Amino acid sequence: MPELPEVETIKRDLEKEVLGKRIKLVDVSLDRAVRRHPNVASFKSKLEGHKISFVKRRGKYLLIGLDNDDMLIVHLGMSGQLLIVKRTRDARDAHTHVVVRFTQGGELRFVDPRTFGEMFVSSLSQLEQIAPELNELGFDPLEGQMSWINFDQLLRQKRTKLKSLLTDQKFVAGIGNIYSDEILFAAGLRYDRISDTLTTQEVRRLYRAMVETLSEAIRHRGSSLADEQYKDLFGEVGDYQSQHQVYGRESQPCRRCHNKIVRLKVNGRPLFMCEHCQI
DNA sequence: ACGCCCGCCTGTAAGC
DNA sequence: TGCTTACAGGCGGGCG
C-alpha cells in the first residue's frame with residue numbers, strides 16, 4: 001500500500017512526534033512482525049531504554065535512529081500503519097502487533113492486518129547481513145543530485161518495460177503500483193515502452209512526471225483508496241486519490257481527452273491508463 | 001542475467 | 001441470505 005508519498009508523510013510527522021523521546025517498553029503481540037529477529041526478546045532489548053535521535057526514509061523504508069548505532073527499521077508492506085497514541089489506555093485497533101511506549105508518555109503502535117509489513121533493529125554496519133535489500137535500493141526520486149541527464153543514462157543501461165522499471169526498487173526506490181501508473185500518465189508514455197528507446201524529450205518528460213507526481217502526492221498527504229487502508233500517524237486519510245488521473249478510474253473519462261480510462265492486468269497486477277494520451 | 005509467476009496473509013466485496 | 005471466490009497498495013525466491 002504505502003508508497004513513497006505515504007511513507008514520506010509519516011516520516012515528516014514522526015520527526016515532530018517522536019524525536020528525542022525515550023523508549024520505556026516494547027510490547028510485541030505477533031512474532032511475525034519482528035521475523036528478522038531470532039526471538040522477540042532480542043528485538044525488545046535493542047529498543048528499551050534508548051532515545052530516538054533521527055527519522056529518515058529510504059524508498060519505502062522508515063529508519064528511526066537510536067542513541068547508539070542502532071536503527072529501528074519499519075516497512076509497512078501492503079497494509080501496515082503507524083499510529084501515535086497519546087492515551088495509552090485507549091483500546092488497541094485489531095491487528096496491533098507492536099507497541100512502543102515512551103517514558104514521556106504516549107506510544108507508537110504498529111498495526112498491520114495482512115502482516116506483510118515488519119519491524120527490525122539493525123546498525124548500519126549490520127544492514128548488509130540483516131537486510132541486504134536495503135543496501136540495494138536505487139536512487140531516491142526526491143533526493144536532489146539526480147538530473148534528467150543521469151536519469152537518461154540509467155534508462156539506457158536497461159532494456160525493460162517502463163512500468164516494471166519504475167516499480168523496481170533496485171532501479172528507483174519508493175514507487176509502487178499506484179504512482180507508477182500516475183507517473184506514466186503524466187509523462188504521456190505507455191507502460192510497455194522499452195526504457196532504452198525513449199527520445200530525449202520523452203526521458204525529460206518521464207523524469208519531470210516522476211518528481212512532480214510524487215511531490216504533489218506528498219503535498220496531499222498521500223493516497224487512501226476505497227478501503228482506506230492508508231492512514232497517517234494520526235489515523236487520518238490522505239487526499240491525493242482525488243487528484244488521480246488514472247489509478248482506480250476504470251471506464252471514467254480521461255481528464256485530458258475524455259476517452260475512457262482502461263484497466264488492464266499486467267504481470268498479475270492491475271494497471272490503469274488512457275490509451276489515447278499515453279503513447 | 002533478466003523477466004515473470006507464485007506465495008506470503010487477512011479483510012472485503014463481488015458472484016453464485 | 002450465506003457460502004465461495006477473487007482480489008488488494010509489496011517483496012523475495014525460484015523457475016525458465
Side-chain angles (χ1 to χ4, degrees), chain A residues 1-10 29-36 57-62 73-82 93-98 110-120 127-138 154-184 191-196 213-214 217-218 220-232 237-241 243-244 246-251 263-272:
Chain A
M1 164 202 19
E3 303 180 29
L4 188 152
E6 290 77 28
V7 178
E8 179 66 20
T9 300
I10 294 169
S29 42
L30 183 73
D31 292 11
R32 181 172 151 77
V34 297
R35 55 192 173 273
R36 290 203 203 222
R57 179 187 58 75
R58 273 206 212 162
K60 301 174 192 170
Y61 292 83
L62 282 166
I73 299 174
V74 185
H75 193 285
L76 297 171
M78 272 177 140
S79 61
Q81 295 174 21
L82 282 182
D93 287 0
H95 311 290
T96 300
H97 305 318
V98 180
F110 175 59
V111 180
D112 185 18
R114 291 180 64 188
T115 75
F116 291 165
E118 60 169 333
M119 288 181 143
F120 58 94
L127 254 193
E128 185 54 41
Q129 173 104 3
I130 296 176
E133 68 273 27
L134 249 149
N135 282 336
E136 290 165 13
L137 290 175
L154 288 178
L155 284 174
R156 284 178 207 298
Q157 286 166 18
K158 295 277 184 176
R159 185 175 295 126
T160 313
K161 292 176 183 176
L162 291 181
K163 169 80 174 182
S164 310
L165 198 57
L166 286 176
T167 54
D168 178 358
Q169 303 305 301
K170 294 187 171 80
F171 180 75
V172 52
I175 300 171
N177 208 39
I178 295 177
Y179 292 102
S180 53
D181 283 2
E182 292 298 321
I183 290 165
L184 287 169
Y191 68 95
D192 53 0
R193 289 288 301 278
I194 306 296
S195 57
D196 66 352
T213 300
L214 296 172
I218 292 170
H220 286 267
R221 301 186 59 81
S223 302
S224 298
L225 298 190
D227 58 13
E228 295 194 348
Q229 290 255 34
Y230 166 68
K231 303 251 178 72
D232 66 19
V237 297
D239 186 32
Y240 191 68
Q241 64 282 1
Q243 309 296 312
H244 285 184
V246 288
Y247 204 90
R249 298 194 66 245
E250 181 185 13
S251 76
R263 176 192 171 120
L264 310 175
K265 185 140 261 184
V266 175
N267 296 339
R269 306 216 101 93
L271 179 146
F272 299 85

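A, B, ... follow the sequence lines: proteins, then strands. Residue 1 opens every chain. Keep in mind that what you see is a predicted model, and the values were worked out from it rather than measured. Just so you know, these numbers use all the heavy atoms, side chains as well, and skip hydrogens, waters and symmetry mates.
- Taking the side chain to side chain donor-acceptor pair (under 3.5 Å) definition, one finds that A:Asp239 meets it with A:His220, sequence neighbours left out.
- Evaluation of the side chain to side chain contact (heavy atoms under 4.5 Å, CB included) rule for A:Thr96 yields A:Arg92, A:Asp93, A:Val99, A:Arg109, A:Val111 as partners, not counting sequence neighbours.
- Remark: A:Arg114, A:Phe116 in residues 111-119 of chain A come within less than 4.0 Å of DNA chain C through at least one heavy atom.
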Review item, nucleotides 12-16 of chain C N/O atoms under 3.5 Å of protein N/O:
none

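- Scanning for salt bridge (Lys or Arg N to Asp or Glu O under 4.0 Å) contacts around A:Arg159 gives A:Asp196, with sequence neighbours left out.
- Every residue meeting the side chain to side chain contact (heavy atoms under 4.5 Å, CB included) condition with A:Leu30, not counting sequence neighbours, appears here in chain and number order: A:Arg32, A:His97, A:Thr115.
- Here A:Tyr61 pairs with A:His75 under the ring-ring contact (aromatic ring centres under 6.0 Å, His included) rule; sequence neighbours left out.
- With a heavy-atom cut-off of 4.0 Å to chain A, the contacted part of DNA chain B has its first and last nucleotide at B:dG3 to B:dG11.
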Report task. Taking Watson-Crick and G-U wobble pairs with both distances under 3.5 Å, convert DNA chain C into its dot-bracket string, 5' to 3', dots for unpaired and | for cross-strand pairs. Result -> .|||||||.|||||||
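- Remark: A:Arg114 engages A:Met78, A:Ser79, A:Phe116 in a side chain to side chain contact (heavy atoms under 4.5 Å, CB included) (not counting sequence neighbours).
- One finds a side-chain N or O of A:Arg263 lying less than 4.0 angstrom from the OP1 or OP2 phosphate oxygen of C:dA8.
- The phosphate of C:dG10 has neither OP1 nor OP2 within less than 4.0 Å of any side-chain N or O from A:His75.
- Residue A:Gln169 places at least one side-chain N or O closer than 4.0 Å to OP1 or OP2 of C:dC11.
- In this structure A:Phe110 satisfies the ring-ring contact (aromatic ring centres under 6.0 Å, His included) test with no other residue, sequence neighbours excluded.
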Nucleotide N/O to protein N/O under 3.5 Å, stretch nucleotides 4-6 of chain C:
none

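- Residue A:Lys163 forms a side-chain hydrogen bond (donor to acceptor under 3.5 Å, both in side chains) with just one option from A:Asp181, A:Asn267, A:Asp192, and that option is A:Asp181.
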